[in-house]
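Please read all numbers here as calculations on a predicted model, not as lab measurements.
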Amino acid sequence: MGSFTTHHLRAHDRGRSPAQRFGALRTCIAEFAPYGFPATYHHLCRSAGIPAEPEMDAEAVVRAVEELHAAREIWLSEFRAWQVRRRAQKAAGVRVPDLPEPRRRLWYPDPESHPAEPLDLVMPRILGAPAGELAECPVCGADRGTRVWHDGYTEHLLCAGCGASLAGRPTAPAPDVEAARAERWRLVWRRRV
């Protein structure tokens, strides 16, 4: 697997087939997924209007990869500044960072529940999110209530506004729930929903 930059360029390469370009987009999402892979994939397919058959709109892949690239650039800017601070701390003998590495993502366990805004608008809020369980949604910035979502193994407490996981607790396996979630994911993967 190549780097994000390599696959970003491949998604733009009109000499490649639409399926190859779409594959490059998926690899970019695997490298950088602000909502987790499933929710980021669903978000980009919806926001860029990627049809079930990529050949029908080859430029949709470019729109999607550019949205992802813009969010990644915001994260990289914060990460590079953190690296400079961290190197200075290490030189001063500080072995535990004062500030943790900038957060790359929030977890959105329900692939179909994520912010509708472009990723570059949401990324600064993700970067500002505290670690651990959250009392308030950092993306919505307000208490919009919560809802419970179960994936078959974990019961997640999600923000009712955007779907960010605020907390989660393991539960006994629920094969019927897991099977239903897996079937729904197959529909998302094929861009049928």
Side-chain angles (χ1 to χ4, degrees), residues 1-81 101-129 137-140 149 151 156 158-159 161-165 178-193:
M1 181 186 304
S3 69
F4 182 95
T5 304
T6 299
H7 289 280
H8 175 250
L9 293 172
R10 288 179 182 169
H12 280 275
D13 185 357
R14 287 182 173 80
R16 294 178 178 274
S17 72
Q20 290 173 318
R21 294 169 71 189
F22 185 70
L25 169 65
R26 286 193 309 240
T27 303
C28 287
I29 298 169
E31 291 290 317
F32 183 77
Y35 303 151
F37 183 89
T40 303
Y41 175 85
H42 184 260
H43 169 82
L44 291 171
C45 288
R46 297 288 297 273
S47 70
I50 299 175
E53 301 300 326
E55 296 81 14
M56 295 174 67
D57 184 3
E59 292 309 304
V61 169
V62 173
R63 291 190 299 272
V65 82
E66 282 309 306
E67 181 178 345
L68 186 63
H69 176 71
R72 184 172 179 268
E73 287 299 310
I74 292 168
W75 174 77
L76 278 175
S77 174
E78 288 287 322
F79 181 70
R80 288 179 184 128
E101 180 179 323
R103 187 175 210 155
R104 287 179 66 152
R105 69 181 180 125
L106 286 176
W107 180 239
Y108 287 81
D110 180 357
E112 297 178 76
S113 183
H114 47 73
E117 299 169 281
L119 287 172
D120 60 335
L121 296 180
V122 177
M123 198 67 215
R125 290 178 258 164
I126 291 174
L127 289 168
C137 179
V139 173
C140 293
W149 189 84
D151 64 6
H156 298 274
L158 305 182
C159 168
C162 71
S165 180
E178 181 190 8
R181 299 296 186 221
E183 180 56 35
R184 191 68 183 173
W185 170 243
R186 279 190 282 280
L187 293 172
V188 169
W189 182 251
R190 294 180 186 133
R191 294 164 312 284
R192 304 283 185 219
V193 292

Would you indicate whether the side-chain heavy atoms of [Y] and [X] approach each other to under 4.5 Å?
{"X": "Arg191", "Y": "Pro54", "result": "yes"}
{"X": "Phe32", "Y": "His69", "result": "no"}
{"X": "Leu106", "Y": "Pro138", "result": "yes"}
{"X": "Pro18", "Y": "Val61", "result": "no"}

At what distance, to the nearest 0.5 angstrom, does [atom1] of [X] lie from [atom2] of [Y]?
{"X": "Cys28", "Y": "Leu9", "atom1": "SG", "atom2": "CG", "result": "9.0 Å"}
{"X": "Tyr108", "Y": "Leu158", "atom1": "OH", "atom2": "CG", "result": "10.0 Å"}
{"X": "Arg104", "Y": "Tyr35", "atom1": "CZ", "atom2": "OH", "result": "15.0 Å"}
{"X": "His43", "Y": "Leu68", "atom1": "NE2", "atom2": "CG", "result": "9.0 Å"}
{"X": "Leu25", "Y": "Glu67", "atom1": "CG", "atom2": "CD", "result": "10.5 Å"}

Closest approach of [X] and [Y], non-hydrogen atoms and distance?
{"X": "Pro51", "Y": "Ala60", "result": "CD-CB, 4.4 Å"}
{"X": "His156", "Y": "Ser165", "result": "ND1-OG, 3.5 Å"}
{"X": "Arg21", "Y": "Arg10", "result": "CG-O, 3.6 Å"}
{"X": "Tyr41", "Y": "Trp189", "result": "OH-O, 2.6 Å"}
{"X": "Ile29", "Y": "Phe37", "result": "CG2-CD1, 3.4 Å"}
{"X": "Trp149", "Y": "Pro109", "result": "CH2-O, 3.4 Å"}

Task: Set of residues satisfying salt bridge (Lys or Arg N to Asp or Glu O under 4.0 Å) with respect to Glu55, sequence neighbours excluded - done: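 If we apply the salt bridge (Lys or Arg N to Asp or Glu O under 4.0 Å) test to Glu55, skipping adjacent residues, there are no hits.
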
Task: Arg46: salt bridge (Lys or Arg N to Asp or Glu O under 4.0 Å) partners, not counting sequence neighbours - done: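 For Arg46, no residue satisfies salt bridge (Lys or Arg N to Asp or Glu O under 4.0 Å) once neighbours in sequence are set aside.
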
Would you tabulate the side-chain donor-acceptor contacts of residues 113-125 under 3.5 Å, counting partners in other chains and residues two or more places apart, or write 'none'?
residue, atom, partner, partner atom, Å
Ser113, OG, Arg147, NH2, 2.9
His114, NE2, His42, ND1, 2.8
Glu117, OE1, Arg125, NH1, 3.2
Glu117, OE1, Arg125, NH2, 3.1
Glu117, OE2, Arg125, NH2, 3.1
Arg125, NH1, Val139, O, 2.7
Arg125, NH2, Leu121, O, 3.2

- [ ] Apply salt bridge (charged side-chain N to carboxylate O under 4.0 Å, His left out) to Arg181 and Glu178, showing your working.
- [x] CA-CA 5 Å; Arg181 299 296 186 221; Glu178 181 190 8; over 6 Å; no

TODO: Give a yes or no on whether the backbone of Leu127 and the side-chain of Trp75 come within a donor-acceptor separation of less than 3.5 Å.
DONE: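 No.
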
Task: Pair Arg63 + Glu66, salt bridge at N-O below 4.0 Å - done: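 No, Arg63 and Glu66 are not salt-bridged.
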
Open item on the list: Looking at Glu31 and Arg72, is any side-chain nitrogen of the basic one under 4.0 Å from a carboxylate oxygen of the acidic one?
Closed with: no

Open item on the list: Please evaluate residues Arg103 and Glu78 with respect to the criterion side-chain contact (heavy atoms from CB on, under 4.5 Å), reporting the C-alpha separation (whole Å), side-chain torsions for both, the decisive distance (0.1 Å), and the verdict.
Closed with: CA-CA 9 Å; Arg103 187 175 210 155; Glu78 288 287 322; over 6 Å; no

TODO: Give the intermediate values and the outcome of side-chain contact (heavy atoms from CB on, under 4.5 Å) for residues Arg192 and Arg186.
DONE: CA-CA 9 Å; Arg192 304 283 185 219; Arg186 279 190 282 280; over 6 Å; no

